[in-house]
Amino acid sequence: MPFCRLAFLLFFTGCVPFAALAQSAQTQPSQLHLELNNLQDIEGACRLSFVATNETAAAIERAIFETVIFDANGGVVNLTLFDFQDLPVDRARVRQFDLAGMGCDSIGKALINGASSCVVEGAESTICKDALLLKSRLSVELIG
């Protein structure tokens, strides 16, 4: 009988680390994906299209990002606030912003300089900064 208890104890203690590893492998990091998806010249402006996907497990009621636009030579040509509005959990949202008086071919890269406002549960939060993951589908870089 003591041998069975010892065998059970050794088996159980050996399984616990594997269960913990399996659980941590399933836990994905909390991320707020922001992708520069398209640029389009329209009526004297360049329209930037972004796809935002909130995988943070917290509904973002309002996200405003300070964005800097650089020309092809690296010079700053525009500093503005892009209001991404609400970003619900696990749902993609497309947001478009027009840069008046600018052709899309003159844009070299875009910098998300920081979150000017990020509201979660009625209060300012750092989640928009802490969980931000940037990507571009274009030759125009999106950096942060």
Side-chain angles (χ1 to χ4, degrees), residues 5-144:
R5 285 184 186 166
L6 179 62
F8 177 76
L9 181 63
L10 288 174
F11 175 77
F12 182 75
T13 56
C15 289
V16 170
F18 291 112
L21 282 175
Q23 185 178 15
S24 66
Q26 292 175 355
T27 306
Q28 293 187 349
S30 170
Q31 295 178 332
L32 175 58
H33 298 270
L34 196 58
E35 174 189 87
L36 179 57
N37 184 275
N38 194 23
L39 298 178
Q40 181 182 13
D41 285 305
I42 54 146
E43 302 175 16
C46 178
R47 176 169 288 163
L48 286 74
S49 295
F50 291 88
V51 177
T53 308
N54 177 4
E55 296 177 351
T56 65
I60 298 171
E61 296 162 23
R62 186 157 196 195
I64 301 174
F65 292 100
E66 182 179 82
T67 307
V68 182
I69 305 299
F70 295 88
D71 64 20
N73 296 321
V76 173
V77 291
N78 195 326
L79 181 118
T80 189
L81 297 176
F82 286 166
D83 186 351
F84 281 79
Q85 304 166 4
D86 65 315
L87 300 172
V89 176
D90 293 329
R91 300 207 40 194
R93 289 290 184 254
V94 174
R95 303 293 189 238
Q96 295 181 318
F97 306 97
D98 293 348
L99 299 174
M102 195 177 235
C104 293
D105 60 347
S106 67
I107 297 176
K109 64 183 166 187
L111 165 69
I112 300 298
N113 211 28
S116 173
S117 179
C118 182
V119 178
V120 175
E121 294 182 0
E124 285 294 326
S125 172
T126 62
I127 201 166
C128 294
K129 168 185 69 126
D130 298 340
L132 192 60
L133 182 66
L134 302 172
K135 175 183 169 184
S136 178
R137 289 182 159 268
L138 312 170
S139 60
V140 174
E141 275 186 285
L142 180 62
I143 59 174

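Small disclaimer: the values here were computed from a predicted structure and weren't measured. Positions are given from 1 along the sequence.
Shown here for Ala115 and Cys128, the closest heavy-atom pair between the two residues is CB-CB, 3.9 Å. A pairwise comparison of heavy atoms in Glu124 and Ser117 identifies OE2-OG, 2.9 Å as the closest pair. Closest non-hydrogen pair, Cys46 versus Gly103, comes out as CB-C, 4.1 Å. Closest approach of Val140 and Ala110 over heavy atoms only: CG1-N, 4.3 Å. Summarising the geometry of Glu66 relative to Leu81, their closest heavy-atom pair is CA-CD2, 3.7 Å, with the distance given to 0.1 Å. For Gln96 against Ser49, the heavy-atom pair with the smallest separation is NE2-OG, 2.9 Å.
Looking only at atom types and distance, the side chain of Asn37 has a donor-acceptor partner in the side chain of Glu35 under 3.5 Å away.
A distance of 8.5 Å separates CZ of Phe50 from OG of Ser136, quoted to the nearest 0.5 Å. Rounded to the nearest 0.5 Å, atoms CG (Leu111) and OG1 (Thr67) are 8.0 Å apart. Distance CG/Asp98 to OG1/Thr80: 11.0 Å, rounded to 0.5 Å. Distance check, rounded to the nearest 0.5 Å: CD of Gln85 to CD1 of Ile64 gives 9.5 Å. Taking CZ from Arg91 and OG1 from Thr53, the interatomic distance works out to 11.0 Å, rounded to the nearest 0.5 Å. Expressed to the nearest 0.5 Å, how far CD1 of Ile60 lies from CG of Leu32 amounts to 4.5 Å.
Put simply, the side chain of Asn54 gets close to the backbone of Thr56: a donor and an acceptor are under 3.5 Å apart.
Ion pairing between Asp83 and Arg95 fails under the 4.0 Å rule for side-chain N and carboxylate O.
Residues Glu55 and Asp90 meet the side-chain proximity criterion, which asks for heavy atoms closer than 4.5 Å.
Applying side chain to side chain contact (heavy atoms under 4.5 Å, CB included) to Ile107 and the options Asp71, Val77, Ile69, Leu138 leaves one that passes, Ile69.
Ring-plane geometry between Phe97 and Phe82 is classed as parallel, the angle between the planes falling under 30 degrees on a 0 to 90 degree scale with a further cut at 60.
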Dump the intermediate steps for side-chain contact (heavy atoms from CB on, under 4.5 Å) on Asp86 and Glu61, then the final yes or no. CA-CA 4 Å; Asp86 65 315; Glu61 296 162 23; 5.6 Å; no
